[in-house]
Amino acid sequence: EKGLEGLVGSDAVQYLRFQKYILIYIFLTTVVSLGVILPLNCQGTQLGNTTDFGHTTLANLNPNDDKDSIILWIHVAIAFLMFPAAIFLMRRFSIGLKMTDTNLKITRTVAIENIPAKVCNIEDIKQHFSEAYEYLTFKLCTMCPS
């Protein structure tokens, strides 16, 4: 990550770190789904035989059957465990975030464009600001031709 920051910038590295944590969560979800949820769903007897797709889904479980009811509660428990896992991973991601202060500093600089050519001289501009804003101190006036 350190070597990439010099090449692509901190925003790109942050995005890549986010993608890394999302991939970790997707991998965790896939392992839990294939290793726990799928075998539990296949134990039901509601839909078709073992070669039908419906046999692998939650619809294969009968909520009125005691055995299937326990399996449904296991689904609920896993769902409640996966949510904190996602929060944990996103908190780990956010620890490495480097927030930069984006406050605009007051520079007391005024840039004015499209001043008519007949009044576009330093003396007229100084006079205008000293008359219009008596309570402000006018220090410097610079002309930048366009």
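Everything quoted here is computed from the prediction, not taken from an experiment. Excluded from the calculations below are hydrogen atoms, water molecules and symmetry mates; all remaining heavy atoms, backbone and side chain alike, are included.
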Self-check item: K67 and N62: CA distance, side-chain angles, deciding distance, side chain to side chain contact (heavy atoms under 4.5 Å, CB included) verdict
Solution: CA-CA 9 Å; K67 180 182 146 207; N62 182 3; over 6 Å; no
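To the nearest 0.5 Å, atoms OG1 (T29) and CD1 (I24) are separated by 11.5 Å. Rounded to the nearest 0.5 angstrom, D65 CG and Q43 CD are separated by 11.0 Å. L16 CG to L23 CG: the interatomic distance, rounded to the nearest 0.5 Å, is 10.5 Å. Here the SG atom belonging to C42 is positioned 11.5 Å from the CD1 atom belonging to I37, to the nearest 0.5 angstrom. Here the CD1 atom belonging to I22 is positioned 4.0 Å from the CE atom belonging to M90, to the nearest 0.5 angstrom. Distance CG/L28 to CG/L89: 7.0 Å, rounded to 0.5 Å.
In the displayed structure, E134 atom CD is contacted under 6.0 Å by at most 12 heavy atoms of other residues, nucleotides or ligands. With a 6.0 Å radius and a threshold of 12 heavy atoms from other residues, nucleotides or ligands, Y133 has its OH atom at or below the threshold.
Minimum interatomic distance between I125 and C141 (heavy atoms only, all atoms of both residues): CG2-SG, 3.8 Å. Listed here is the closest heavy atom pair of I78 and V32: CG2-CG1, 3.7 Å. When all heavy atoms are compared, the tightest approach of P39 to L34 is CD-O, 3.4 Å.
A heavy-atom distance below 4.5 Å is found between the side chains of S69 and W73. Residues H75 and V36 have side chains not in contact (no heavy-atom distance under 4.5 Å, counting atoms from C-beta outward). Contact check for I112 versus F129: side-chain heavy atoms found under the 4.5 Å cut-off. Residues D124 and K118 form no side-chain contact, since every pair of their non-hydrogen atoms from C-beta on lies 4.5 Å or further apart. In this structure the side chain of Y25 reaches within 4.5 angstrom of the side chain of M82, judged on heavy atoms.
F27 and F93 are members of different hydrophobic clusters when ILVMFWY side chains are connected at heavy-atom separations under 4.5 Å. The cluster map of Ile, Leu, Val, Met, Phe, Trp and Tyr, joined by side-chain heavy atoms under 4.5 Å apart, puts L140 and Y135 in different clusters.
With S33 contributing its side chain and T30 its backbone, the two residues share no donor-acceptor pair below 3.5 Å.
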